[in-house]
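Side-chain atoms are counted along with the backbone in the values below, which use heavy atoms only and exclude waters and symmetry mates.
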Amino acid sequence: ISGENLNALWGRFLKKKKDFASRDELAKAYFFLVEAEARRLLARLPLRAYWEKKEDIGSSGVIGLLQALDHFTPPKEKRNDPGRAFEAYARYRIRGQMVDELRNLDFARRNLRKQARAIQEAERKLEARLGRAPREEETAKALGVPLSELYDWIAEINMLNLLSLDAEISEVGNGGSWADILADSKAEN
């Protein structure tokens with residue numbers, strides 16, 4: 001959409017926020033913001049999560065864009081050309097909606113991953129300084145937490161390492177899954 005057409009569209013939409021045709025046209029015109037924010041966010045995720053969450057993140061970005069359109073009020077000085085102001089506002093809303101979606105998909109409490117990174121960093125620094133793998137007491141001291149709390153953190157972090165029984169086993173080489181090789185103790189055969 002050209003600049004003049006976009007400004008006219010904004011004018012129609014801002015006069016009557018219930019004009020869903022104008023809203024849809026504006027959403028189409030600014031959809032590139034959803035794509036850009038999704039690429040930026042997904043680039044920071046592991047490759048597996050990228051493919052699994054790509055559509056969920058994109059969908060939540062569209063919701064953020066629509067919410068931005070519904071709640072946007074241009075500043076008085078930008079009333080005739082609200083495009084730039086809207087872009088900044090929409091990016092913020094889109095990114096926030098995408099991050100909220102990622103948080104909802106993650107069953108771990110929010111600071112647990114932060115604790116896992118802190119443990120890894122402390123162990124890495126201790127190993128570099130000591131020339132060997134640090135003992136748990138040394139890691140707890142470096143983190144400034146009691147040993148029992150470190151054990152609690154590690155127990156919670158270990159629960160994050162879930163594995164699907166349908167996941168393919170790379171060592172098997174024949175495309176088998178974990179479910180194929182686990183013994184069923186209740187099976188008669």
What are the two closest non-hydrogen atoms of [X] and [Y], and how far apart are they?
| X | Y | result |
| --- | --- | --- |
| A140 | L147 | CB-CA, 4.0 Å |
| E37 | R40 | OE2-NH1, 2.8 Å |
| A68 | A90 | CB-CA, 3.8 Å |
| A142 | L126 | CB-CD1, 3.9 Å |
| L150 | E136 | CD2-O, 3.4 Å |
| V34 | G61 | CG2-O, 3.5 Å |

To the nearest 0.5 angstrom, please state how far the [atom1] atom of [X] sits from the [atom2] atom of [Y].
| X | Y | atom1 | atom2 | answer |
| --- | --- | --- | --- | --- |
| N7 | R12 | CG | CZ | 11.5 Å |
| R44 | L42 | CZ | CG | 10.5 Å |
| R129 | K125 | CZ | NZ | 10.5 Å |

**OP:** Would you sort out whether Q97 and Q67 count as a side chain to side chain contact (heavy atoms under 4.5 Å, CB included), showing the intermediate values?
**Re:** CA-CA 9 Å; Q97 191 70 31; Q67 288 175 346; 3.1 Å; yes

Original post:
Ignoring hydrogens and geometry, is there a side-chain-to-backbone donor-acceptor pair from S59 to D56 under 3.5 Å?
Top reply: no

Original post:
For the side chain of E138 and the backbone of R135, is there at least one donor-acceptor N/O pair under 3.5 Å apart?
Top reply: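 Checked: pair present.
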
Do [X] and [Y] come close enough that some side-chain heavy atom pair is under 4.5 Å?
| X | Y | result |
| --- | --- | --- |
| L41 | L102 | yes |
| L143 | E149 | no |
| Y30 | L6 | yes |
| H71 | R93 | yes |

**OP:** For the residue pair F72 and F86, categorise the inter-ring angle as parallel (less than 30°), tilted (30 to 60°) or perpendicular (more than 60°).
**Re:**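 F72 and F86: perpendicular rings.
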
**OP:** Verify the cluster assignment for F32 and I63: are they in a single hydrophobic cluster under the rule of side-chain heavy atoms below 4.5 Å apart?
**Re:**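 They do not share one cluster, since no chain of ILVMFWY contacts under 4.5 Å joins F32 to I63.
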
Original post:
Going hydrophobic residue to hydrophobic residue with side-chain gaps under 4.5 angstrom, can you get from L69 over to F31?
Top reply: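 As far as the 4.5 Å side-chain criterion goes, F31 and L69 are connected within one cluster.
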
